[in-house]
2 protein chains.
Amino acid sequence: MDNSAFKILVVDDENDILEFIQYNLKKEGYDVYLAHNGQEAIDIGRKIKPDLILLDVMMPVMDGIEACKQMKFDPDFANTFIVFLTARSEEYSEIAGFQAGADDYISKPIKPRVLVTRLNAILRRKEKVQPDTKLTVGDIVIDREAFLVFRKGEKIQFARKEFELLFLLASKPGKVFTRDYILEKVWGDEVLVVDRTIDVHIRKIREKLGDEHIGTVKGVGYKFEA
Amino acid sequence: MDNSAFKILVVDDENDILEFIQYNLKKEGYDVYLAHNGQEAIDIGRKIKPDLILLDVMMPVMDGIEACKQMKFDPDFANTFIVFLTARSEEYSEIAGFQAGADDYISKPIKPRVLVTRLNAILRRKEKVQPDTKLTVGDIVIDREAFLVFRKGEKIQFARKEFELLFLLASKPGKVFTRDYILEKVWGDEVLVVDRTIDVHIRKIREKLGDEHIGTVKGVGYKFEA
DNA sequence: GTAAAGTTTACCAAATTGTTAAGTGCAATT
DNA sequence: AATTGCACTTAACAATTTGGTAAACTTTAC
């Protein structure tokens with residue numbers, strides 16, 4: 001199966017377990033990242049924006065429950081599933097874990113077959129149900145659901161076309177989008193507008209967001225810069 | 001199946017094994033290259049840019065783990081999958097291999113069926129996931145998507161025609177491109193420009209990239225040198 | 001040494017983008 | 001129903017960048 005698009009962050013304080021899980025998930029084609037405690041998980045997670053976090057409940061520095069609670073309030077983890085790893089005896093934790101916002105749990109000892117099957121199922125669910133609603137690039141957060149953009153927490157209002165255009169550019173930071181492509185994606189095939197219209201919208205986006213975020217590549221198009 | 005596009009570098013210190021694998025992979029249509037230790041693998045790999053490296057863990061001069069670690073930091077191997085060959089008992093190595101950045105492993109004794117199936121699966125994955133947007137030649141990285149060129153990590157801006165010309169030359173380092181061919185590819189059929197124009201653009205590219213990268217072959221044309 | 005091929009410079013024309021302003025139409029409000 | 005405000009589009013002009021050519025100069029091959 002081709003799981004290479006999915007990033008999974010595995011969090012456990014025991015290296016043996018980390019390695020064992022990493023080995024099994026890599027074999028399935030997932031991109032695997034590791035962390036040793038809750039704090040590390042949050043730090044790494046903010047950077048890589050994993051699709052799923054496998055989180056051990058019992059850990060030093062910051063336990064899984066606490067980490068989970070924090071992540072549930074963090075827009076960086078808006079699109080991340082959280083799955084707890086629990087020892088079989090930790091009945092209580094299973095409950096507390098769900099209260100903290102976890103999406104599933106897996107009991108130790110971990111059986112590779114079970115692990116992989118469960119994660120596949122969860123991620124397939126994600127693919128269908130959640131078409132990424134929040135986009136975070138650098139200090140900019142774009143919330144497609146609320147139609148809002150935040151820069152360093154400060155709310156900025158955008159008109160619809162401006163928003164769609166910005167969202168498109170920000171969906172692949174660094175990539176240059178040609179005017180033709182932009183017209184097709186933001187305006188659609190049947191609408192016909194002069195491509196210079198894009199320039200004017202770019203102007204407005206720059207006005208609100210700051211010049212440094214939108215780059216021009218002469219003769220090609222525009223791009224979002226992180 | 002037509003695997004002729006795929007280059008596989010097999011690395012093992014035992015000639016028997018090399019030949020056995022070579023025989024089985026050639027039968028599948030892969031381009032097979034051989035190396036006897038980690039150092040040799042890196043040297044050859046830099047030249048041929050294999051799609052996949054089959055790497056024995058235990059070797060003299062430089063073992064597989066060490067070689068793997070080095071390659072993972074080398075831009076020449078950015079598009080290369082690494083698969084370890086391990087003796088069945090080397091459980092530890094399998095794990096260490098993943099930490100070094102390997103993508104899969106295969107246990108000895110090697111069964112031809114397993115070998116071929118596994119490699120096919122991995123390479124199919126590669127084909128899907130990596131639409132080679134980045135071109136890496138020596139210390140130069142050309143990113144067609146972002147329309148950017150990097151030399152040793154330092155960003156260099158190119159005008160459109162310069163970029164297209166450079167990209168064409170760099171797409172086949174060492175190959176000499178005639179002016180006629182360049183005109184056709186970069187400018188197109190219907191545009192008519194004097195072929196001396198190319199010279200001027202070459203000048204500009206050399207200015208930004210350094211003289212050593214673009215070579216002249218008198219009476220024939222230009223080429224990119226790594 | 002000479003001719004052919006390649007390099008470099010400088011300048012101009014063309015193409016592309018930035019910016020402003022004004023017109024249009026829709027929707028909410030009065 | 002008229003008014004206002006907003007989003008969107010277009011046009012026009014300014015600013016900038018890029019591309020192309022010619023001509024002078026240098027190197028290379030014979």
Side-chain angles (χ1 to χ4, degrees), chain A residues 144 146-149 155-169 176-225, chain B residues 144 146-149 155-169 176-225:
Chain A
R144 206 172 201 310
F147 242 76
L148 281 176
V149 178
K155 193 195 291 180
I156 309 174
Q157 295 270 8
F158 281 86
R160 174 138 77 254
K161 281 281 183 309
E162 287 161 32
F163 186 90
E164 299 284 1
L165 176 49
L166 174 60
F167 191 82
L168 175 66
L169 296 184
V176 182
F177 293 82
T178 64
R179 287 191 177 67
D180 280 349
Y181 186 82
I182 292 172
L183 279 182
E184 195 192 310
K185 287 290 173 188
V186 177
W187 273 262
D189 321 324
E190 67 281 4
V191 182
L192 66 117
V193 279
V194 179
D195 64 354
R196 299 303 313 280
T197 301
I198 296 170
D199 301 23
V200 179
H201 285 287
I202 291 284
R203 172 80 192 29
K204 288 185 179 160
I205 294 173
R206 281 178 175 152
E207 217 165 49
K208 292 175 184 172
L209 211 60
D211 282 8
E212 69 278 13
H213 285 103
I214 311 273
T216 303
V217 179
K218 267 206 139 183
V220 189
Y222 294 101
K223 67 175 161 181
F224 187 95
E225 282 165 349
Chain B
R144 211 173 196 309
F147 257 83
L148 281 175
V149 178
K155 193 194 292 180
I156 309 174
Q157 296 269 11
F158 282 86
R160 196 173 167 210
K161 279 277 177 324
E162 288 162 31
F163 187 90
E164 300 284 3
L165 176 50
L166 173 59
F167 190 83
L168 175 66
L169 296 184
V176 183
F177 292 82
T178 65
R179 287 191 176 67
D180 280 349
Y181 186 81
I182 292 173
L183 278 182
E184 194 193 312
K185 285 290 174 190
V186 177
W187 272 263
D189 320 325
E190 67 281 8
V191 183
L192 65 116
V193 280
V194 179
D195 65 352
R196 310 316 311 292
T197 301
I198 296 171
D199 303 23
V200 179
H201 284 286
I202 291 284
R203 170 82 213 345
K204 287 183 180 161
I205 294 173
R206 280 177 175 153
E207 215 167 50
K208 291 176 184 171
L209 211 61
D211 283 6
E212 70 278 15
H213 286 103
I214 311 277
T216 303
V217 180
K218 262 204 138 182
V220 189
Y222 295 100
K223 68 174 166 180
F224 186 95
E225 284 166 347

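Remember, it's a predicted structure, so these values are computed and weren't measured experimentally. The analysis underlying the following values was restricted to heavy atoms, covering all of them including side chains, and did not include hydrogens, waters or symmetry mates.
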Separation of [N] [atom2] from [X] [atom1] (nearest whole Å):
X         : N       : atom1 : atom2 : value
Asp195(B) : dG6(C)  : CG    : P     : 9 Å
Gln157(A) : dG5(D)  : CD    : P     : 18 Å
His201(B) : dG20(D) : NE2   : C1'   : 7 Å
Phe147(A) : dA7(D)  : CZ    : C1'   : 12 Å

Practice item. Take Arg203(A) and Arg179(A), find for each the nucleotide of DNA chain C with the closest heavy atom, and name the residue whose nucleotide sits nearer the 5' end. Key: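 Final value for this comparison: Arg179(A).
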Base, sugar-phosphate or nothing for [X]? Non-hydrogen atoms, less than 4.0 Å.
X         : result
Lys218(A) : base
Thr216(A) : sugar-phosphate
Arg196(B) : base
Tyr222(B) : sugar-phosphate

Practice item. Give, for atom NZ of Lys204(A) and atom CG of Leu166(A), the distance between the pair rounded to the nearest 0.5 Å. Key: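 The distance works out to 14.5 Å.
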Review point. Are any of the side-chain heavy atoms of Ile182(B) and Trp187(B) separated by less than 4.5 Å?
Key: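 Touching, per the 4.5 Å side-chain cut-off.
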Check your understanding: Got a sec, which pairs hit side-chain hydrogen bond (donor to acceptor under 3.5 Å, both in side chains) with one end in residues 159-169 of chain A, sequence neighbours left out?
Key ->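 Applying side-chain hydrogen bond (donor to acceptor under 3.5 Å, both in side chains) to every pair that reaches into residues 159-169 of chain A, excluding sequence neighbours, yields Arg144(A)-Glu164(A), Glu162(A)-Lys208(A).
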Point to revise | Backbone of Ala146(B) reached by a side-chain donor or acceptor of Lys223(A) within 3.5 Å | key: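 Indeed, once roles are kept as given, a pair shorter than 3.5 Å links the two residues.
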